[in-house]
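Report on the structure given below.
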Amino acid sequence: MSSLRIVSGSANPRLAESIADALDVTSGASAVERFPDGELRPRVEHVGGHDVYVVQPTAPPANDSLMELLLLLDACRRARARRVTAVVPYLGYVRQDRRTHTGESLGARLVCEAIAQAGAERLVVVDPHTPTLEAMSPIPVETLSAVPLLASRLTAGRTDRTVVVAPDLGAGPLAERYAAALGTSVAIVRKFRQSGTEVSAVELIGDIEGRPTVIVDDMIATGATIEASLHILHYHARDVVVAATHGPLLPAATERLRALGLRRVLVTDTVAHRDTAAPLDVCSVGPLLADAIARLHQDRPLAELAAHR
């Protein structure tokens, strides 16, 4: 069996290092040259003949991170890696999984095709926004879930009176998974999205009167959905915590979270967090990804780690 190599992009090198440390393997050296006009030229070393895992979430700025991922995959292929796997804990563009108006693109499918064309033979993601990602991808997609990790962290200090709140109808299945892990019930907020940064809550379905609540979502980008949910929960809930797998927090989101007075926002490190002033409680998915990579390298099943929807 060929040896295993972890190659890190620049989007989240700390996560890549934690994966390599957990696996006790050598990281394939990589560097990214940036030209004045914005072009990137990554370079990898010591990957020829190896089973290579390129770790690069498409964190903001999403386009730069995605382009770097594609170039790294191509570089590994041209350096004669035996097998190349794209490990993209946070995969952007997956919200574009269907067209809502004539003339729109299907970004999720295009990104998957680009990753495959760049040289990846498999794609590893964590809690993607769409459950149909593999149906759009020309290569196998291994979908992992951080829900058990986050639910375990939430268990401390929680009671059976805690209610899991889905901030919209689409998050209902996710809320059910958290509720099953926590042994509690679910409430749902119906929302109306006015724009990419503005959301209005319309109705609360479920009983949360005087009970502690956990708002759960797959990601927090602008914080608008959390803000709208809190407005409708404010008159009913006693204590509110927020949990999401991904936290690609834009500057406006950080300010929103501070202004809302949340005491705890639980996220993972699928995206690097540089602003620690927000009330973030960060769980690492490094051990989860290391376990998945070890299993893939040894051609063992990932059933226990997979996201079930």
Closest heavy-atom pair, Ala81 versus Val52, reported as atoms and distance to 0.1 Å, is CB-CG2, 3.7 Å
Checking side chain to side chain contact (heavy atoms under 4.5 Å, CB included) for the pair Val87/Val54: CA distance, chi angles, key distance, verdict? CA-CA 6 Å; Val87 181; Val54 178; over 6 Å; no
Quiz item: Would you say the side-chain atoms of Ser8 and Glu17 include a donor-acceptor pair closer than 3.5 Å?
Solution: no
Assigning hydrophobic clusters by single linkage (Ile, Leu, Val, Met, Phe, Trp, Tyr; side-chain heavy-atom cutoff under 4.5 Å), is Val271 placed with Val111? no
ask   = Side chains of Arg211 and Thr162: closer than 4.5 Å at any heavy-atom pair?
value = no
Nearest heavy-atom contact between Ala175 and Val164 is O-CG1, 3.6 Å
Is there side-chain contact between Val267 and Thr245, with heavy atoms separated by less than 4.5 Å? no
Would you kindly confirm whether Val88 and Ile139 end up in one hydrophobic cluster when ILVMFWY residues are joined by side chain heavy atoms under 4.5 Å apart? yes
Practice prompt. Just say parallel, tilted or perpendicular for the rings of His297 and Tyr53, cut-offs at 30° and 60°.
Written response: perpendicular
Rounded to the nearest 0.5 Å, the CZ atom of Arg190 sits from the CD1 atom of Ile205 at a distance of 6.0 Å
Is Ser229 reaching over with its side chain to a backbone N or O of Thr225, donor-acceptor style, under 3.5 angstrom?
yes
message: Between Ser3 and Asp51, does the side chain to side chain contact (heavy atoms under 4.5 Å, CB included) criterion hold? Intermediate values first, please.
response: CA-CA 6 Å; Ser3 60; Asp51 186 12; over 6 Å; no
Exercise for review: Go through the steps to decide whether Asp281 and Arg153 satisfy the test salt bridge (Lys or Arg N to Asp or Glu O under 4.0 Å), and finish with yes or no.
Suggested key: CA-CA 10 Å; Asp281 181 4; Arg153 182 73 70 95; 2.7 Å; yes
When every non-hydrogen atom of Thr155 is compared with those of Ala151, the smallest separation belongs to OG1-O, 2.8 Å
Value for CD (Glu227) from OG1 (Thr222), rounded to nearest 0.5 Å, stands at 8.5 Å
Subject >> Close side-chain approach of Leu296 to Val124, heavy-atom, < 4.5 Å >> reply: yes
Closest non-hydrogen atoms of Pro248 and Ile220, given as atom of the first, atom of the second and distance, are CD-O, 3.2 Å
Between Pro60 and Leu250 the two heavy atoms that sit nearest each other are CG-CD2, 4.2 Å
Rounded to the nearest 0.5 angstrom, the CD1-CG distance for Ile115 and Asp74 is 13.5 Å
Is there a side-chain contact between Val242 and Leu266, using heavy atoms and a 4.5 Å cut-off? no
Between the CD atom in Glu39 and the CD atom in Glu33, the distance rounded to the nearest 0.5 Å is 10.0 Å
| field | Arg258 and Glu255 ion-paired at < 4.0 Å | value | yes
His273 side-chain N/O to Thr268 backbone N/O, donor-acceptor pair under 3.5 Å:
yes
Using only heavy-atom distances, determine whether the side chains of Thr132 and Arg109 contain a donor-acceptor pair under 3.5 Å. no
Glu68 side-chain N/O to Ser10 backbone N/O, donor-acceptor pair under 3.5 Å: yes
For this session: Kindly work out whether a path of hydrophobic side-chain contacts (I/L/V/M/F/W/Y, heavy atoms less than 4.5 Å apart) joins Val141 to Leu106.
Result: no
Flag side-chain contact, heavy atom, 4.5 Å: Leu23 against Ile6: yes
Check the hydrophobic clustering (I, L, V, M, F, W, Y; side-chain heavy atoms under 4.5 Å; chains of links allowed) and say if Val126 and Ile293 are grouped together. yes
In this structure, CZ of Arg43 is separated from CG of Leu71 (nearest 0.5 Å) by 13.0 Å
**Study point:** Heavy atoms from other residues, nucleotides or ligands near CE of Met136 exceed 12 (cutoff 6.0 Å)
**Key:** yes
Scanning both residues in full, the closest heavy-atom pair of Ser284 with Gly286 reads OG-N, 3.0 Å
Q) Can Tyr93 and Leu66 be said to form a side chain to side chain contact (heavy atoms under 4.5 Å, CB included), step by step? A) CA-CA 10 Å; Tyr93 286 92; Leu66 175 60; 4.1 Å; yes
Fill in: Derivation and outcome, side-chain hydrogen bond (donor to acceptor under 3.5 Å, both in side chains), residues Asp269 and Tyr90
CA-CA 9 Å; Asp269 59 351; Tyr90 170 67; over 6 Å; no
Any non-hydrogen side-chain atom of Val265 less than 4.5 Å from a side-chain atom of Val241? no
Here the gap from Thr270 atom OG1 to Leu15 atom CG, rounded to the nearest 0.5 Å, amounts to 8.0 Å
If you draw a 6.0 Å radius around CZ in Arg80, do more than 12 non-hydrogen atoms from other residues or ligands fall strictly inside? no
Check the pair Ile226 / Leu262 against side chain to side chain contact (heavy atoms under 4.5 Å, CB included), numbers first and verdict last.
CA-CA 10 Å; Ile226 301 301; Leu262 289 165; 4.2 Å; yes
Can you list the steps and then say if Ser145 with Arg177 is a side-chain hydrogen bond (donor to acceptor under 3.5 Å, both in side chains)? CA-CA 11 Å; Ser145 180; Arg177 290 167 57 202; 2.4 Å; yes
| Leu174-Met219 co-clustered via ILVMFWY side chain contacts under 4.5 Å | no
Query raised in the report: Within the side chain of Glu104, is there an N or O that forms a donor-acceptor pair under 3.5 Å with the backbone of His101?
Result: yes
Worksheet item: Is there a salt bridge (Lys or Arg N to Asp or Glu O under 4.0 Å) between Arg295 and Glu142 once you walk through the steps?
Response: CA-CA 11 Å; Arg295 290 167 183 252; Glu142 305 294 350; over 6 Å; no
Check your understanding: Would you say Leu149 and Leu288 make side-chain contact, with heavy atoms under 4.5 Å?
Key -> no
Taking the basic N atoms (NZ, or NE/NH1/NH2) and the acidic carboxylate oxygens, is any pair closer than 4.0 Å for Glu121 and Arg77?
no
* Is there side-chain contact between Pro57 and Ser65, with heavy atoms separated by less than 4.5 Å? -> no
